[in-house]
Amino acid sequence: MARVPLIQEQDHPELAEEIARYSSGRRGKLINIYRMLLNSPALAESWFNHSNAVRWKTKLDGRLREIVIIRMGRLTDSQYVLRQHIPQLALAEGLTLEDCNELADWPSSSRFSDSERAALAYADTMTRDIAVPDEVFGKVKEHFDDRQIVELTVLIGSYNMNARVMQALRLDLEPLA
């Protein structure tokens, strides 16, 4: 159970505009992360805008983006992220359920390209060690331009933040569809 209340639309008519915007941006439903964040409307707004920029306004390929997000969910044990992205968002970006499952131990898998493997190693290192050795960064630099490196780095950092907020506040999972 969440450690802070999840805002219910009917109880907060003053948030109707924000609720409508967040719902329309998330498959027509006010999802729990926004129900929680609406306890602080300014942070909910910031999170929404940042998440949209990280996910939809970059040059990163959709498949790569989902690979990294799902790996971040696995690394941080963020069941909320995993439930949100598997299967619907992952499949929409060309991943298979087998791809999603193999992200738990991607180094031993042959399912991922060299550029995806570089991004996964970068995500693992940023998450586990924070400091990234030149060798790991060099592999990223071989496959991505400067803009993509910034976008990939912010994507990884964002999902580290997401996991920590969701875990600390014990955000309830969305019901299965």
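In what follows, residues are counted from 1 in the order of the sequence shown. Note that the structure is predicted; figures quoted are calculated from it, not measured.
If you check the side chains of Ser23 and Tyr34, you find no donor sitting under 3.5 Å from an acceptor.
Gln8 places a side-chain N or O within 3.5 Å of a backbone atom of Leu6 that can act as its donor or acceptor partner. Asn39 contributes a side-chain N or O that, together with a main-chain N or O of Met36, makes up a donor-acceptor pair within less than 3.5 Å. Within the 3.5 Å criterion, the main-chain N or O of Arg63 finds no donor-acceptor partner in the side chain of Glu116. No donor-acceptor pair closer than 3.5 Å links the side chain of Asp124 to the backbone N or O of Ala121.
In this structure Ser115 satisfies the side chain to side chain donor-acceptor pair (under 3.5 Å) test together with Ser113, sequence neighbours excluded. Applying the side chain to side chain donor-acceptor pair (under 3.5 Å) rule to Asn32 yields no partners; only residues at least two apart in sequence or on another chain are considered. For the side chain to side chain donor-acceptor pair (under 3.5 Å) test, no residue two or more places apart in sequence or in another chain qualifies with Ser46. Judged as a side-chain contact (heavy atoms from CB on, under 4.5 Å), and not counting sequence neighbours, the contacts of Asn101 are Arg74. Partners of Glu18 according to the salt bridge (charged side-chain N to carboxylate O under 4.0 Å, His left out) rule, which considers only residues two or more places apart in sequence or in another chain, do not exist here. Remark: Asp145 pairs with Lys59, Arg147, Gln148 by the side-chain contact (heavy atoms from CB on, under 4.5 Å) rule, at least two apart or across chains. For Arg117, the side chain to side chain donor-acceptor pair (under 3.5 Å) criterion is met by no residue, not counting sequence neighbours. Scanning for side-chain contact (heavy atoms from CB on, under 4.5 Å) contacts around Pro13 gives an empty result, with sequence neighbours left out. Remark: Arg3 pairs with no residue by the salt bridge (charged side-chain N to carboxylate O under 4.0 Å, His left out) rule, at least two apart or across chains. Residues passing the side-chain contact (heavy atoms from CB on, under 4.5 Å) test with Leu173 are Gln79, Tyr80, Arg83, sequence neighbours excluded.
Ile67 and Val136 fall into different hydrophobic clusters, defined by Ile, Leu, Val, Met, Phe, Trp and Tyr side-chain heavy atoms under 4.5 Å apart, directly or through other members. When hydrophobic clusters are built by joining Ile, Leu, Val, Met, Phe, Trp and Tyr residues whose side-chain heavy atoms come closer than 4.5 Å, directly or via intermediates, Ile69 is grouped together with Leu171. A single hydrophobic cluster is seen to contain both Leu82 and Phe112, as judged by linkage of ILVMFWY side chains at heavy-atom distances under 4.5 Å, directly or through other members. Under the 4.5 Å side-chain heavy-atom criterion for Ile, Leu, Val, Met, Phe, Trp and Tyr, Met161 and Leu43 are members of distinct hydrophobic clusters. A continuous path of ILVMFWY side-chain contacts below 4.5 Å connects Val54 to Met166, so both sit in one hydrophobic cluster.
The distance from atom CD1 of Ile33 to atom CG of Leu169, rounded to the nearest 0.5 Å, is 8.0 Å. For the atom pair CG of Asn49 and CH2 of Trp47, the computed distance is 13.0 Å after rounding to the nearest 0.5 Å. Atom CD1 in Ile31 sits 4.5 Å away from atom CD in Gln84 (nearest 0.5 Å). We find the CE-CG distance between Met72 and Leu120 to be 10.5 Å, quoted to the nearest 0.5 Å. To the nearest 0.5 Å, atom CZ of residue Phe144 and atom CG of residue Leu64 are 5.0 Å apart. Between atom CZ of residue Arg111 and atom CD of residue Glu98 there is a gap of 5.5 Å, rounded to the nearest 0.5 Å.
For the residue pair Ile70 and Ala90, the shortest heavy atom distance occurs at CD1-CB, 3.6 Å. In terms of heavy atoms, Leu97 sits closest to Pro87 at CD2-CB, 3.7 Å. Counting all heavy atoms, side chain and backbone alike, Met126 lies closest to Gly157 at CE-N, 4.1 Å. Of all non-hydrogen atoms in Cys100 and Leu95, the two that sit nearest each other are SG-CD2, 4.1 Å. Ala123 and Leu75 get closest at one heavy-atom pair: O-CD1, 4.0 Å. Taking both residues in full, the closest heavy atoms of Ala119 and Ile156 are given as O-CD1, 4.4 Å, listed atom of the first, atom of the second, then distance.
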Verdict with reasoning, Val68 to Tyr159, per side chain to side chain contact (heavy atoms under 4.5 Å, CB included): CA-CA 9 Å; Val68 170; Tyr159 276 84; over 6 Å; no
Apply side chain to side chain contact (heavy atoms under 4.5 Å, CB included) to the pair Phe48 and Leu37, showing each step before the final yes or no. CA-CA 10 Å; Phe48 183 77; Leu37 288 169; over 6 Å; no
Take Thr127 and Arg71 through the side chain to side chain donor-acceptor pair (under 3.5 Å) test and state the conclusion after the steps. CA-CA 10 Å; Thr127 302; Arg71 179 61 182 163; over 6 Å; no
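Leu60 places a side-chain heavy atom less than 4.5 Å from the side chain of Leu155. In this structure, the side chains of Leu38 and Tyr22 come closer than 4.5 Å at one or more pairs of heavy atoms.
Sorted by first and then second residue, the side chain to side chain donor-acceptor pair (under 3.5 Å) pairs involving residues 133-143 (not counting sequence neighbours) are Lys141-Asp146. Sorted by first and then second residue, the pairs that involve residues 35-49 and meet salt bridge (charged side-chain N to carboxylate O under 4.0 Å, His left out), not counting sequence neighbours, are Glu9-Arg35, Arg21-Glu45.
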